[in-house]
Number of protein chains: 2
Amino acid sequence: MSSMEKSELFKAVGKRIKELREAKGLTQVDLAGKMEGEFDTTNVSRIEAGRTNPTLYNLYRIAVALEVDLEELVRVF
Amino acid sequence: MSSMEKSELFKAVGKRIKELREAKGLTQVDLAGKMEGEFDTTNVSRIEAGRTNPTLYNLYRIAVALEVDLEELVRVF
């Protein structure tokens, strides 16, 4: 498995989350609202733009809100 | 998909990483040594013990070092 640049990885996972969100007909605001606990819409947009290194727990919360398994979020190559 | 407690999630992913590492016959020191860039053995042991909230990039580096796809690390339920 070739090693991906950091920014490539963040962009790929961000793009994946955006695809899954849009497939569910949700806006970023909708997704932030469905998240367990505090999660700002700007967090959603930064993660989708690949501009941040999300933690396992935040990825998990996004997966729960999107009603998909966590592994789906990181199935990017 | 039921929502898991934070500590449950970290322990489940930690346990998964330990299983994959041991299946490859690697010690924690071996794994830390195979990681791209700086990564301390104590980081490996804290992640495997579920005592930390690892970032996407650290999970990815572990997956590369274990020669498995990233989604394998988080396939925990």
Side-chain angles (χ1 to χ4, degrees), chain A residues 1-21 23-24 26 30-40 43-77, chain B residues 1-21 23-24 26 30-40 43-77:
Chain A
M1 192 182 73
S2 73
S3 164
M4 219 192 260
E5 284 305 315
K6 229 179 191 178
S7 58
E8 243 182 297
L9 173 68
F10 299 161
K11 283 198 183 99
V13 171
K15 187 168 163 276
R16 182 80 185 117
I17 291 171
K18 186 176 179 190
E19 281 163 9
L20 291 164
R21 173 176 60 78
K24 302 261 173 177
L26 297 172
D30 297 333
L31 176 54
K34 281 186 72 166
M35 302 274 296
E36 239 177 79
E38 202 51 44
F39 207 88
D40 208 68
N43 274 344
V44 175
S45 78
R46 284 179 67 234
I47 288 173
E48 286 191 358
R51 291 201 315 270
T52 182
N53 184 12
T55 64
L56 171 61
Y57 190 59
N58 280 345
L59 289 171
Y60 176 71
R61 288 201 290 168
I62 292 170
V64 170
L66 290 175
E67 294 165 31
V68 298
D69 287 332
L70 179 52
E71 61 192 84
E72 277 217 45
L73 259 59
V74 295
R75 187 173 297 142
V76 291
F77 39 80
Chain B
M1 191 181 72
S2 74
S3 163
M4 219 192 256
E5 284 305 316
K6 229 179 189 177
S7 58
E8 243 182 296
L9 172 68
F10 299 162
K11 282 197 183 100
V13 170
K15 186 168 163 275
R16 182 81 186 117
I17 291 170
K18 186 176 180 191
E19 281 163 9
L20 291 165
R21 173 176 61 75
K24 303 260 173 177
L26 298 172
D30 297 333
L31 176 55
K34 281 186 71 169
M35 302 273 297
E36 237 176 81
E38 200 51 42
F39 207 87
D40 207 67
N43 274 343
V44 175
S45 80
R46 284 181 65 234
I47 288 174
E48 287 191 358
R51 291 202 315 271
T52 182
N53 183 12
T55 63
L56 171 62
Y57 190 58
N58 280 345
L59 289 171
Y60 175 71
R61 288 200 291 168
I62 292 170
V64 170
L66 290 175
E67 296 164 31
V68 298
D69 286 332
L70 178 52
E71 62 190 84
E72 276 217 46
L73 258 59
V74 296
R75 187 173 296 141
V76 290
F77 39 80

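Just so we're on the same page: letters track the sequence lines, and every chain starts at 1.
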**Message:** Other residues, nucleotides and ligands only: do more than 12 of their heavy atoms fall within 6.0 Å of NZ on B/Lys34?
**Reply:** yes
**Request:** Using the test side chain to side chain contact (heavy atoms under 4.5 Å, CB included), find all partners of B/Lys15 that sit at least two apart in sequence or belong to another chain.
**Result:** B/Glu19
**Message:** Return the NZ to OG1 distance between A/Lys6 and B/Thr55, rounded to the nearest 0.5 Å.
**Reply:** 7.5 Å
**Asked** Between CG of A/Asn53 and OH of B/Tyr57, what distance do you get to the nearest 0.5 Å?
**Response** 9.0 Å
**Item:** Exercise: identify the closest heavy-atom pair between B/Phe10 and A/Leu56
**Value:** CD2-CD2, 3.8 Å
**Request:** To the nearest 0.5 Å, tell me how far B/Leu70 CG sits from A/Glu71 CD.
**Result:** 10.5 Å
